[in-house]
Amino acid sequence: MINVGIIGFGTVGSGTVRILLGNKDVLKERLGFEINLRKIAVRDIMRVRDVKVPEGVLTTDIDAVLNDPHIDIVVEVIGGIRPAKDFILKAISNGKHVVTANKALLATDGNEIFTAAQDAGIEIGFEASVAGGIPIIKVIREGLVANRIKAVYGIINGTSNYILTKMTDENVEFSVALKEAQKFGYAEADPTLDIEGIDSAHKLAILAYLSYGIPIPYKNIYTEGISKISSQDIDFASELGYKVKLLAIAKATPPSPPYQGGENGGVEVELRVHPTMIPKDYLISKVDGPFNAVYVEGDATGSTLYYGRGAGAMPTGSAVVSDIVDIARDIKKNATGRIPVMVKTIRDVRIKNIDDVISMYYFRFSALDKPGVLSKISGILGNYNISIASVIQKGRRIGEAVPLVVLTHEAKEKDVRHAIEEIDHLPVVMDKTVFIRVEGKEEG
Ligand code: NDP
Ligand code: HSE
């Protein structure tokens with residue numbers, strides 16, 4: 001028997017407990033031994049929970065979990081940096097293996113935690129930290145271990161995807177869709193993390209760490225969220241044949257392995273999170289609601305795609321339990337540390353500056369409806385080597401501001417920013433220009 005103690009009994013804690021209790025027999029059959037839920041530490045023992053647990057399991061004493069010599073695995077599902085970090089470090093120093101869903105903590109203090117675990121011969125499971133029920137951590141660490149990873153990208157925040165889907169398909173207002181996502185347990189305790197792209201950046205940091213050996217570069221990830229996306233832009237995107245999705249992208253660019261250099265040959269990696277317009281007929285455009293999808297491109301496998309529920313109690317609980325089971329197996333076989341916590345191939349990695357990223361762009365100018373305006377704007381774009389692919393102007397309101405929508409061919413981000421700054425100073429431009437990066441094939 002392997003004993004588990006859980007700290008936190010909210011959305012993820014409840015899903016985990018529901019699975020551990022409800023699928024106890026299945027887990028026992030598959031493992032050949034029992035996983036026993038010994039303790040759950042909470043703040044408020046009187047709170048009514050929607051999952052019933054056996055008498056004596058709930059406690060408000062964290063040390064009843066961290067210091068119990070019978071507990072083999074501690075699950076941290078409270079979230080946040082402190083006290084979660086202290087609990088995890090104490091569990092490690094008490095010789096207990098750890099499972100956590102806390103991507104914010106790993107993206108901030110992952111190096112310290114992983115080093116402490118490695119030094120103590122402790123396993124850290126963090127499958128639940130990225131993409132909910134999709135076993136993407138296992139995919140990169142185990143399934144694709146033979147590959148050099150060329151790119152990892154996709155939709156990795158369920159809340160933002162839920163909001164964008166509701167705005168696109170049902171014209172639901174941003175704030176209403178966010179409230180629904182919170183009600184379903186998809187959102188973080190502080191939903192700013194979801195809608196400002198920070199949660200995606202946390203997850204991307206973890207994926208980049210596993211893929212490229214970059215020591216958790218969360219603060220260096222260019223991050224833009226969906227809070228400024230308006231239904232007007234969603235409608236224009238749709239008219240042009242696109243959907244707006246919050247993408248997280250990690251991409252090795254030349255010089256990149258296996259083509260250049262050796263162990264320390266140097267890799268340049270693009271790391272960015274931002275709303276992106278994607279052609280409607282692309283698979284990733286069809287990933288809707290709380291679902292996530294992650295592409296991983298290996299040098300041997302080529303492109304592979306993983307799809308599933310990215311948030312919520314049961315999908316995330318499934319990921320937590322899969323870590324518990326993996327660690328339990330390793331304990332029983334005396335094989336803890338079978339898959340090292342630390343990525344050993346930390347290389348000389350340069351993170352590409354967002355200014356140097358090349359993309360196609362959507363611009364929505366708010367320009368006066370009068371002759372010569374388009375030529376002024378296109379003149380400035382031309383001066384910065386930005387070439388126009390298509391233009392639409394909606395409505396005729398002579399002398400008033402109307403939306404002027406432009407799609408560009410590939411351009412450099414730095415040029416785009418300079419051009420927009422200049423355009424926004426034109427007396428015929430009445431509001432700040434909106435721009436969204438566009439993915440897809442260049443036409444022509
Ligand atoms: P919730 O807010 O639903 O639950 C948090 C739980 O932690 C509550 O039960 C709370 O206790 C307990 N708690 C908070 N602080 C303490 C403390 N100091 N001591 C003891 N218990 C404490 O959060 P979620 O379950 O949504 O998220 C938990 C973690 O999982 C976070 O790191 C989150 O980022 C991550 N995650 C969440 C997903 C989701 O879909 N929600 C998906 C993937 C990861 P009490 O009930 O008494 O208030
Ligand atoms: N708040 C997160 C999301 C939970 O919406 O994706 C899953 O990590």
Side-chain angles (χ1 to χ4, degrees), residues 5-18 39-51 53 58-66 74-88 90 99-108 126-134 136-137 154-165 177-178 180-204 206 225-226 246 248 273 287 289-294 308-320 323:
I6 300 182
I7 308 176
F9 199 15
T11 303
V12 180
S14 305
T16 303
V17 170
R18 215 183 265 281
K39 284 277 173 231
I40 306 172
V42 291
R43 274 184 304 209
D44 177 4
I45 208 162
M46 300 311 286
R47 209 170 114 187
V48 180
R49 315 270 166 184
D50 57 359
V51 190
V53 293
L58 279 186
T59 176
T60 51
D61 179 10
I62 303 289
D63 284 336
V65 173
L66 294 176
V74 170
V75 177
E76 179 277 309
V77 278
I78 65 174
I81 308 299
R82 300 244 177 218
K85 180 178 171 183
D86 306 312
F87 296 161
I88 289 178
K90 186 161 181 192
V99 174
T100 178
N102 196 334
K103 54 266 162 139
L105 176 60
L106 293 181
T108 309
F126 50 101
E127 187 61 69
S129 66
V130 183
I134 306 173
I136 194 67
I137 305 289
I155 297 168
I156 52 177
N157 183 265
T159 302
S160 299
N161 204 40
Y162 182 86
I163 294 170
L164 289 173
T165 305
L178 171 59
E180 286 180 17
Q182 288 176 297
K183 188 184 79 197
F184 291 130
Y186 305 148
E188 296 301 304
D190 172 6
T192 317
L193 298 181
D194 296 293
I195 62 175
E196 296 304 348
I198 301 161
D199 178 72
S200 291
H202 288 152
K203 292 164 175 165
L204 191 65
I206 295 168
I226 62 162
L246 183 67
V273 172
V287 175
F291 281 81
N292 284 189
V294 187
R309 286 185 183 275
M314 295 304 273
T316 314
S318 162
V320 170
D323 277 339

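Numbers for residues simply follow the sequence, beginning at 1. Every heavy atom of this structure was used, including side-chain atoms; hydrogens, water molecules and symmetry mates were not. For ligands, and for the atoms within them, numbers begin at 1 and follow the listed sequence.
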Quiz item: Counting each atom of ligand 1 from 1 as listed, which ones have a heavy atom of Ala311 under 4.0 Å away?
Solution: 40 (O)

Quiz item: Do Lys39 and Asp61 pass the side chain to side chain contact (heavy atoms under 4.5 Å, CB included) test, and can you show the C-alpha distance, the side-chain angles, and the key distance before you say yes or no?
Solution: CA-CA 10 Å; Lys39 284 277 173 231; Asp61 179 10; over 6 Å; no

Quiz prompt | Within reach of ligand 1, part of Lys203 (heavy-atom separation under 4.0 Å) | solution = neither

Quiz prompt | Numbering as shown, the atoms of ligand 1 that approach Thr316 to under 4.0 Å (heavy-atom distance) | solution = 40 (O), 42 (C), 43 (C), 44 (C)

Quiz item: Hey, what do you get for CG (Asn292) to CD1 (Ile136), rounding to the nearest 0.5 Å?
Solution: 10.0 Å

Quiz item: In ligand 2, which numbered atoms sit nearer than 4.0 Å to a non-hydrogen atom of Ala187?
Solution: 1 (N)

Quiz item: Rounded to the nearest 0.5 Å, what separation is found between the CG atom of Asp199 and the CG atom of Asn157?
Solution: 4.5 Å

Quiz item: Any idea which protein heavy atom is nearest atom 13 (N) of ligand 1, and the distance to it?
Solution: Ile78 CG2, 3.5 Å

Quiz item: Considering only the protein, which heavy-atom contact is closest to atom 40 (O) of ligand 1, and what is its distance?
Solution: Gly312 N, 2.7 Å

Quiz item: Hey, is atom 30 (O) of ligand 1 touched by any protein heavy atom at less than 4.0 Å?
Solution: yes

Quiz item: Quick one: which ligand 1 atoms are inside 4.0 Å of a heavy atom on Val77?
Solution: 5 (C), 6 (C), 7 (O), 28 (C)

Quiz item: Would you say Gly132 contacts ligand 1, with heavy atoms under 4.0 Å as the rule?
Solution: no

Exercise. Write out the residue and atom name of the closest protein heavy atom to atom 10 (C) of ligand 1, then the distance separating them to 0.1 Å.
Key: Arg43 NH2, 3.8 Å

Exercise. Taking all non-hydrogen atoms of both residues into account, name the closest pair between Thr159 and Ala181 and its distance.
Key: CG2-CB, 3.8 Å

Quiz item: Would you find a donor on one side and an acceptor on the other, under 3.5 Å apart, between the side chain of Asp323 and the backbone of Phe126?
Solution: yes

Quiz item: Does the N or O separation between Ala311 and ligand 2 drop below 3.5 Å for any pair?
Solution: no

Quiz prompt | Side chain, backbone, both or neither: Thr100 near ligand 1, heavy atoms under 4.0 Å | solution = neither

Exercise. Report the nearest protein non-hydrogen atom to atom 3 (O) of ligand 1: residue, atom name, distance rounded to 0.1 Å.
Key: Thr11 N, 2.9 Å

Quiz item: Relative to the heavy atoms of Lys103, which atoms of ligand 2 are at a distance of less than 4.0 Å?
Solution: 2 (C), 4 (C), 7 (C), 8 (O)

Quiz item: Looking only at protein heavy atoms, which one is nearest to atom 32 (O) of ligand 1, and how far off is it?
Solution: Gly79 CA, 3.1 Å

Quiz prompt | Exam field: side chain Ser160 to backbone Asp194, donor-acceptor pair closer than 3.5 Å | solution = yes

Practice problem: List the steps and the verdict of side chain to side chain contact (heavy atoms under 4.5 Å, CB included) for Arg49 and Val42. | Solution: CA-CA 11 Å; Arg49 315 270 166 184; Val42 291; 3.6 Å; yes

Quiz prompt | Residue and atom name of the nearest protein heavy atom (relative to atom 45 (P) of ligand 1), distance in Å to one decimal | solution = Arg47 NH1, 3.3 Å

Exercise. For Asn157, take its heavy atoms, then give the atoms of ligand 2 lying under 4.0 Å from any of them.
Key: 2 (C), 3 (C), 5 (O), 6 (O)

Quiz prompt | Atoms of ligand 1, numbered as shown, that sit under 4.0 Å from any heavy atom of Ala128 | solution = 43 (C), 44 (C)

Quiz item: When you look at Val65 and Phe87, which way does the side chain to side chain contact (heavy atoms under 4.5 Å, CB included) test go after all the steps?
Solution: CA-CA 10 Å; Val65 173; Phe87 296 161; over 6 Å; no

Quiz item: Under 4.5 Å between any side-chain heavy atoms of Arg18 and Asp50, yes or no?
Solution: yes

Self-check item: Taking atom 2 (O) of ligand 1 as the reference point, the nearest protein heavy atom with its distance
Solution: Ala189 CB, 4.8 Å

Practice problem: Please identify which atoms of ligand 1 are closer than 4.0 Å to at least one heavy atom of Gly185. | Solution: 39 (C), 40 (O), 41 (N)

Quiz item: Can you tell which of Ile62, Val12, Asp190 gets a heavy atom nearest to atom 19 (N) of ligand 1?
Solution: Ile62

Self-check item: Sub-4.0 Å atoms of ligand 1 with respect to non-hydrogen atoms of Asn102
Solution: 32 (O)

Practice problem: State whether the side chain of Thr316 and the backbone N or O of Gly312 hold a donor-acceptor pair below 3.5 Å, judged by distance alone. | Solution: yes

Quiz item: Is Gly10 close to ligand 1, meaning an N/O of one under 3.5 Å from an N/O of the other?
Solution: yes

Practice problem: Nearest 0.5 Å please: distance from the CD1 atom of Ile81 over to the CG atom of Leu106. | Solution: 9.0 Å

Exercise. Compute whether any side-chain donor of one residue and acceptor of the other, for Asp190 and Thr192, lie under 3.5 angstrom apart.
Key: yes

Quiz item: Roughly how far, to the nearest 0.5 Å, is CD1 of Ile6 from OG1 of Thr16?
Solution: 5.5 Å

Quiz item: Are any of the side-chain nitrogens in Asp86 or Lys90 under 4.0 Å away from the carboxylate oxygens of its partner?
Solution: no

Exercise. Run the numbers for me: atoms of ligand 2, each under 4.0 Å from some heavy atom of Glu188, listed by number.
Key: 1 (N), 2 (C), 4 (C)

Quiz item: Hey, is Thr316 touching ligand 2 through its side chain, its backbone, both or neither, going by heavy atoms under 4.0 Å?
Solution: neither

Quiz item: Which ligand 2 atoms does Gly158 reach within 4.0 Å, using its non-hydrogen atoms?
Solution: 3 (C), 5 (O), 6 (O)

Quiz item: Just by distance, do the side chain of Asn161 and the backbone of Val287 share a donor-acceptor pair under 3.5 Å?
Solution: yes

Quiz prompt | Sub-4.0 Å heavy-atom approach of Glu76 to ligand 1 | solution = no

Quiz item: So, for Val77 and Gly8, which heavy atoms are closest and what is the spacing to 0.1 Å?
Solution: CG2-O, 3.5 Å

Quiz item: Taking only heavy atoms of Tyr186, which atoms of ligand 2 are found under 4.0 Å from at least one of them?
Solution: 1 (N), 2 (C), 3 (C), 4 (C), 5 (O)

Quiz item: Identify the closest protein heavy atom to atom 7 (C) of ligand 2: which residue and atom is it, and at what distance?
Solution: Gly310 O, 3.2 Å

Quiz item: Which of the numbered atoms in ligand 1 are below 4.0 angstrom from a heavy atom of Phe9?
Solution: 6 (C), 8 (C), 9 (O)

Quiz item: Short question: side chain of Thr165, backbone of Gly289 - any donor-acceptor pair under 3.5 Å?
Solution: yes

Exercise. Provide, to 0.1 Å, the distance between atom 18 (N) of ligand 1 and the closest protein heavy atom, together with that atom's residue and name.
Key: Pro83 CG, 3.6 Å

Quiz item: Which bit of Ala104 is near ligand 1, meaning a heavy atom under 4.0 Å away: side chain, backbone, both or neither?
Solution: neither

Quiz item: Counting only heavy atoms, which portion of Ala101 has something under 4.0 Å from ligand 1: side chain, backbone, both, or neither?
Solution: both

Self-check item: Contact check, Gly132 vs ligand 2, heavy-atom distance below 4.0 Å
Solution: no

Quiz item: Roughly how far, to the nearest 0.5 Å, is CD1 of Ile88 from CD1 of Ile78?
Solution: 8.5 Å

Practice problem: Can you sort out which atoms of ligand 2 are near Thr159, meaning under 4.0 Å from one of its heavy atoms? | Solution: 1 (N), 3 (C), 5 (O)

Quiz item: About how many Å separate CD1 of Ile198 and NZ of Lys103, when rounded to the nearest 0.5 Å?
Solution: 12.5 Å

Quiz item: Does the Gln182 side chain pair with the main chain of Ala187, one donor and one acceptor, at a distance under 3.5 Å?
Solution: no

Quiz item: Which ligand 1 atoms are under 4.0 Å away from a heavy-atom of Glu188?
Solution: 33 (C), 34 (O)

Practice problem: Find all atoms of ligand 2 within a distance of less than 4.0 Å from any non-hydrogen atom belonging to Asp194, and give their numbers and elements. | Solution: 1 (N), 2 (C), 3 (C), 5 (O)

